[in-house]
Peer 1: 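One structure is given below, represented as structure tokens, and several questions about it will come after.
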Amino acid sequence: MVRTGMRVSGSLRKSILVLLVAGGLSGCVDNREPSFENFSPKEIYDRAEYELETGNLEDSARYFGEVERLYPYSEWAKRALIMQAYAFHWDRNYEESRSAAQRYIDFYPADEDAAYAQYLLALSYYDQIDDVGRDQGITFQALQALRTVIERYPDSEYADSAILKFDLAFDHLAGKEMEIGRYYLGKLYYAASINRFRVVVEDFQTTSHTPEALHRLVEAYLALGLVEEAQTAGAILGYNYQGSEWYNDSYVLLTGQGLLLEPVGSSWLSGIYRQSIQGKWL
């Protein structure tokens with residue numbers, strides 16, 4: 001999936017945009033490993049920032065870590081810790097990025113950049129979401145971390161982005177269920193496919209996959225001879241997604257067998273129809 005850009009907030013944004021090389025460290029820009037024991041936290045921080053700006057992400061993260069190691073609990077250490085999480089993430093070292101971000105949240109929960117630390121933590125999961133053919137455990141973790149951003153920092157500049165990514169990750173999970181359901185349907189394992197499509201309709205109603213899930217239910221139920229369930233799925237599809245291609249396909253399937261797209265019987269789909277269309281919850 002496409003990686004998303006990242007921002008830092010407040011005063012940190014300025015420091016990322018400025019290229020600095022500390023005078024005391026200017027002689028260390030070659031390949032020799034510098035020793036930071038005799039340098040100030042600002043000098044080490046500036047060197048780390050220089051490495052970040054020049055794309056030496058591993059060195060940058062390590063030097064930011066030196067600030068925290070040599071000057072713990074200082075203001076520079078606090079700034080370096082969030083920047084280390086940023087450098088690790090930019091380097092796609094997601095586990096280390098999560099670790100640094102979590103330490104920031106633990107040490108400075110009330111700081112103005114705690115929201116950004118939580119957002120970075122969420123991104124460390126979100127940016128690892130692969131195609132729908134992979135295990136989706138990482139997607140669940142991304143959803144949990146994004147929800148924390150949304151609920152704990154609703155007024156932060158990262159809340160809107162977290163909401164968007166939450167919706168995309170949620171849609172991704174529905175896509176996984178659809179992929180498996182289509183596989184079972186293609187193998188004529190109708191009951192197994194119905195179980196997957198039902199999950200989408202019941203648990204992922206707001207995603208883009210719901211219209212197709214309803215159509216696939218029409219197909220599977222008709223194949224099993226369960227015409228009432230097929231008609232009810234078609235009725236829900238027709239009421240909510242009449243302009244979709246999936247409605248047109250279901251309409252052709254049902255009317256071709258002389259069936260109407262209407263709620264019939266007392267299946268779980270009838271309950272969905274009563275709740276979502278008629279507004280009857282009992």
Side-chain angles (χ1 to χ4, degrees), residues 1-4 119 122-151 154 158-186 189-221 229-251 253-254 261 263 267-281:
M1 81 187 296
V2 178
R3 290 181 71 240
T4 55
Y119 183 66
L123 283 183
S124 72
Y125 291 116
Y126 181 84
D127 285 354
Q128 291 185 84
I129 297 175
D130 291 318
D131 57 66
V132 294
R134 302 291 183 86
D135 176 75
Q136 296 304 297
I138 199 75
T139 309
F140 282 106
Q141 291 173 301
L143 285 168
Q144 291 172 349
L146 288 165
R147 183 187 295 275
T148 300
V149 176
I150 297 166
E151 295 179 349
Y158 311 106
D160 287 344
S161 179
I163 291 171
L164 174 61
K165 289 177 174 59
F166 184 95
D167 289 342
L168 291 172
F170 197 63
D171 198 84
H172 189 86
L173 283 179
K176 176 66 174 180
E177 296 295 330
M178 289 300 301
E179 182 191 48
I180 298 173
R182 285 192 295 265
Y183 171 81
Y184 286 142
L185 187 61
Y189 301 149
Y190 298 118
S193 70
I194 287 170
N195 288 336
R196 294 293 181 166
F197 300 136
R198 177 173 180 171
V199 168
V200 176
V201 172
E202 289 188 322
D203 299 337
F204 298 94
Q205 292 182 16
T206 59
T207 70
S208 62
H209 299 282
T210 303
E212 182 186 356
L214 287 165
H215 170 67
R216 299 304 181 189
L217 285 169
V218 171
E219 289 183 321
Y221 279 130
E229 287 81 352
Q231 286 179 275
T232 305
I236 298 171
L237 185 56
Y239 189 89
N240 290 318
Y241 308 101
Q242 195 168 61
S244 72
E245 60 178 303
W246 304 112
Y247 168 75
N248 294 332
D249 291 345
S250 288
Y251 182 86
L253 277 177
L254 289 165
L261 284 73
S267 69
W268 66 272
L269 279 165
S270 297
I272 294 291
Y273 185 90
R274 288 193 302 271
Q275 294 170 10
S276 62
I277 297 176
Q278 295 180 333
K280 299 177 180 179
W281 294 88

Peer 1: Between Y119 and K165, is any pair of side-chain heavy atoms under 4.5 Å apart?
Peer 2: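 They are in contact (side-chain heavy atoms under 4.5 Å apart), so the answer is yes.
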Peer 1: Mind listing the closest non-hydrogen atom pair of P211 and S244 along with its distance?
Peer 2: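 P211 and S244 have their closest heavy atoms at CB-OG, 4.4 Å.
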Peer 1: Nearest heavy-atom pair of L254 and A230: which atoms, and what distance?
Peer 2: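 Scanning both residues, the minimum pair turns out to be CD1-O, 3.9 Å.
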Peer 1: Measure across N248 and Q242 and return the closest heavy-atom pair with its distance rounded to 0.1 Å.
Peer 2: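 Heavy-atom minimum between the residues: OD1-O, 4.4 Å.
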Peer 1: To the nearest 0.5 Å, what is the distance between CZ (F166) and OG1 (T148)?
Peer 2: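 Atom-to-atom, F166:CZ and T148:OG1 are 10.0 Å apart.
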Peer 1: Under the 3.5 angstrom rule, does the side chain of T139 hit a backbone N or O of F170 as a donor-acceptor pair?
Peer 2: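 No; judged by distance alone, with no hydrogens or angles, the pair does not exist.
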Peer 1: Between Y125 and L146, is there a side-chain heavy-atom distance shorter than 4.5 Å?
Peer 2: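 Of all side-chain heavy-atom pairs linking Y125 with L146, none is under 4.5 Å.
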Peer 1: Not counting sequence neighbours, which residues clear side-chain contact (heavy atoms from CB on, under 4.5 Å) with Q205? List them please.
Peer 2: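 Here the qualifying residues are I272.
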Peer 1: So, taking the atom named OG in S193 and the one named CE in M178, what distance separates them when rounded to the nearest 0.5 Å?
Peer 2: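 The CE atom of M178 is 10.0 Å from OG of S193, to the nearest 0.5 Å.
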Peer 1: Can you find a heavy atom in the side chain of H172 that is under 4.5 Å from one in the side chain of K176?
Peer 2: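 Counting from C-beta outward, H172 and K176 never come under 4.5 Å.
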Peer 1: Using the rule given for side chain to side chain contact (heavy atoms under 4.5 Å, CB included), can you reason through R216 versus R196, listing the C-alpha separation, both sets of side-chain angles and the distance that settles it, and then say yes or no?
Peer 2: CA-CA 10 Å; R216 299 304 181 189; R196 294 293 181 166; over 6 Å; no
Peer 1: With rounding to the nearest 0.5 Å, note down the distance linking OG1 in T207 to CG in L173.
Peer 2: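 CG of L173 is found 9.5 Å from OG1 of T207.
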Peer 1: Minimum heavy-atom separation for G234 to L261, with atom names?
Peer 2: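 Minimum heavy-atom contact is O-CD2, 3.5 Å.
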Peer 1: Mind checking whether H209 and F204 have side chains closer than 4.5 Å, heavy atoms only?
Peer 2: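 SC-SC contact between H209 and F204 ruled out.
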Peer 1: Quick one: sort the Y251 and Y247 rings into parallel, tilted or perpendicular, breaks at 30° and 60°.
Peer 2: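 Judged by the thresholds at 30° and 60°, the geometry between Y251 and Y247 is tilted.
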Peer 1: So I138 and Q141, do their side chains get closer than 4.5 Å, heavy atoms only?
Peer 2: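 Yes, close enough: below the 4.5 Å cut-off.
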Peer 1: Check whether any side-chain N or O of Q128 sits under 3.5 Å from a backbone N or O of S124 as a donor-acceptor pair, and report yes or no.
Peer 2: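 Yes; at least one donor-acceptor contact below 3.5 Å.
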Peer 1: Can you measure from CG (N240) to OG1 (T210) and round to the nearest 0.5 angstrom?
Peer 2: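 Rounded to the nearest 0.5 Å, the CG-OG1 separation comes out at 9.0 Å.
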Peer 1: Rounded at 0.5 Å granularity, tell me how far CH2 in W268 sits from OG1 in T232.
Peer 2: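 It comes to 10.0 Å.
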Peer 1: Please find the pair of heavy atoms, one from I129 and one from A142, that lie closest to each other, and give the distance.
Peer 2: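 Between these two residues, the closest heavy atoms are CD1-CB, 4.2 Å.
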Peer 1: Could you check whether any side-chain heavy atom of D249 comes within less than 4.5 Å of a side-chain heavy atom of E219, counting everything from C-beta outward?
Peer 2: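 They are not in contact (no side-chain heavy atoms under 4.5 Å apart), so the answer is no.
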Peer 1: For Y189, does the OH atom have more than 12 heavy-atom neighbours from other residues, nucleotides or ligands under 6.0 Å away?
Peer 2: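 Check fails, neighbour count at 12 or below.
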Peer 1: Are F197 and H215 side-chain neighbours, meaning at least one heavy-atom pair lies under 4.5 Å?
Peer 2: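 Counting from C-beta outward, F197 and H215 never come under 4.5 Å.
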Peer 1: Shortest non-hydrogen contact from L237 to S250?
Peer 2: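 L237 and S250 have their closest heavy atoms at CD2-OG, 3.3 Å.
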Peer 1: So how far is it from E212 CD to L217 CG, rounded to the nearest 0.5 Å?
Peer 2: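 Here the interatomic distance stands at 10.5 Å.
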